[in-house]
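The structure's right below; bear with me while I get my questions together.
This chain uses plain numbering: 1 for the first residue, then up along the sequence. Order of appearance sets the numbers: ligands from 1, and atoms from 1 within every ligand.
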Amino acid sequence: MQPDLFPLLQDPALQQAIASINGATMPLSEARIPALDRGFLFGDAVYEVLRVYRGRPWLFNEHMQRLAYSLGEIHLAGINLDRLRQRILQVLAQSGFAEAMVYIQITRGAAPRRHPFPAGAVPLELFYVQEFDDPYIEARRAGVQAMTFPDLRWQRCDIKSTNLLGNVLARQAAAERGCTEALFCRPDGTVSEGTHTSLFAVASGRLITPPRGTAILPGITRSTILSLAGRLQVATEERPLFQSQLRSFTELFVTGTTSEVLPVVAVDGAAIGNRQPGPITRRMQEAYREMVSGEY
Ligand SMILES: Cc1ncc(COP(=O)(O)O)c(C=O)c1O
């Protein structure tokens, strides 16, 4: 360990976090990745983030299915996802954490630095389990500010790849303006999603979210919200949202595994509705919470 290089890793939650690399477990603070790992050099890797409620990974199947999809799309074969799932459950049990987050990353492994896929590289299967102290409680109650930002990402946003520089730059711009999220604006005038969230709007009592495709990540919370809306008889539409329409929506919210349902009460400083989380947003928040606590 070179403590001078990793001062931020002294965080107590990270100190207690447990990592697993290809089946070997260790404190996260001791986990090491080879410098020639292709995830590090090329972003040749995919990932997942899971939320654990009361000791149980939430929507585990859905996350593993999306991981399988991402792996398939980058032609990374031979990962035993059933074994990975068992390992996650074991480490989680070992941690004793009730409210937790699991970060999973699969890379194409370490190899001499050449672009084509290396023959014989052993994929790196990393995950870690960290206790989750929910930072969004107040934000969910009061709502957050968001800003628009150009979508600088690549053309396969449906793959959960670790190439997140476009997301990082957008999220940083948001932070510098006191905003919680940045919403990606595309050259065709549409607003697609947030840096780490899916986007929903309300117009004439209908819940609208951009359609699945290569422009967005198929959010697991997004599909959960769509099915909850169906049960609550809230009409839904999957269609493009345009930047020019943003101010006309009566409600706006973003969704994600750790964010859950986060009301957006202003975009670029302009109020959405009356700058308060709206009634449909509240219903979706409550329904989601009830689902998480097992009441659905
Ligand atoms: C770009 C992007 N969109 C949407 C989401 C929300 O997806 P999920 O609900 O599966 O967490 C994420 C999550 O990290 C994301 O990175």
Response to the item:
d(R186 CZ, L152 CG) to nearest 0.5 Å is 11.0 Å
Practice prompt. Give the intermediate values and the outcome of side-chain hydrogen bond (donor to acceptor under 3.5 Å, both in side chains) for residues Q145 and T180.
Written response: CA-CA 6 Å; Q145 308 249 351; T180 301; over 6 Å; no
Worksheet entry | Taking atom 4 (C) of ligand 1 as the reference point, the nearest protein heavy atom with its distance |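 Here the nearest protein heavy atom works out to T197 C, 3.3 Å.
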Worksheet item: Hey, does the Lys NZ or Arg CZ of R153 hover above the aromatic six-ring of F184, less than 6.0 Å from the centre and inside 45° of the axis?
Response: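 That pair qualifies as a cation-pi contact.
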Fill in: From the candidates R222, E48, R66, the one that places a heavy atom nearest atom 10 (O) of ligand 1
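Heavy atom nearest to atom 10 (O) of ligand 1 belongs to R66.
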Discussion item. I159 and side chain to side chain contact (heavy atoms under 4.5 Å, CB included): which single residue from L217, T214, I74 fits?
Written reply: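 Going through the options one by one, the only one that passes is I74.
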Item to complete: Quick one: look up the protein heavy atom nearest atom 14 (O) of ligand 1 and list residue, atom name and how far away it is.
Response: K160 NZ, 2.9 Å
Item to complete: Select the closest option to atom 7 (O) of ligand 1 among G194, A170, G219, judged by heavy-atom distance.
Response: G219
Discussion item. Please verify the inter-ring angle class for W58 with Y53; under 30° counts as parallel, over 60° as perpendicular, anything in between as tilted.
Written reply: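 Ring orientation of W58 relative to Y53: perpendicular.
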Worksheet item: So which bit of I216 gets within less than 4.0 Å of ligand 1, heavy atoms only: side chain, backbone, both or neither?
Response: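 No part of I216 is near ligand 1 at this cut-off.
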Practice prompt. Distance to 0.1 Å, residue and atom name: give those for the protein heavy atom nearest to atom 16 (O) of ligand 1.
Written response: H196 CA, 3.5 Å
Discussion item. Here's a test for you: under side chain to side chain contact (heavy atoms under 4.5 Å, CB included), which of V49, I104, T257 qualifies with H63?
Written reply: T257
Discussion item. In this structure, does ligand 1 have an atom that sits under 4.0 Å from one of the heavy atoms of T224?
Written reply: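 No.
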Fill in: Protein contact of atom 2 (C) of ligand 1 - nearest heavy atom, named by residue and atom, plus distance
E193 OE1, 3.5 Å
Item to complete: Report, in ascending order of atom number, the atoms of ligand 1 lying under 4.0 Å from any heavy atom of S198.
Response: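 Listed by number with element: 4 (C), 6 (C).
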Discussion item. Between Y47 and Y103 (judged by ring centroids, cut-off 6.0 Å), do the two rings come close enough to count as a pair?
Written reply: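 Yes, the ring of Y47 comes within the 6.0 Å limit of the ring of Y103, centre to centre.
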Discussion item. Side chain or backbone, does P218 bring an N or O within less than 3.5 Å of an N or O on ligand 1?
Written reply: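 In fact, backbone or side chain, P218 has no N or O that close.
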Worksheet item: Of all the atoms in ligand 1, which lie at a distance below 4.0 Å from a heavy atom belonging to I220?
Response: 8 (P), 9 (O), 10 (O)
Worksheet item: For atom 9 (O) of ligand 1, which protein heavy atom lies nearest, and how many Å away is it?
Response: T221 OG1, 2.6 Å
Worksheet item: Is there at least one pair of N or O atoms, one from R153 and one from ligand 1, spaced under 3.5 Å apart?
Response: no
Discussion item. Counting only heavy atoms not in R156 (residues, nucleotides, ligands), do more than 12 fall under 6.0 Å from its CZ?
Written reply: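 Atom CZ in R156 is packed in, count exceeds 12.
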Worksheet item: Which residue supplies the protein heavy atom nearest to atom 11 (O) of ligand 1, what is that atom called, and how far is it?
Response: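 Ranked first by proximity to atom 11 (O) of ligand 1 is T257 OG1, 2.5 Å.
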Fill in: CD-CZ distance between E193 and F200, expressed to the nearest 0.5 angstrom
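Reported to 0.5 Å precision, the distance equals 11.5 Å.
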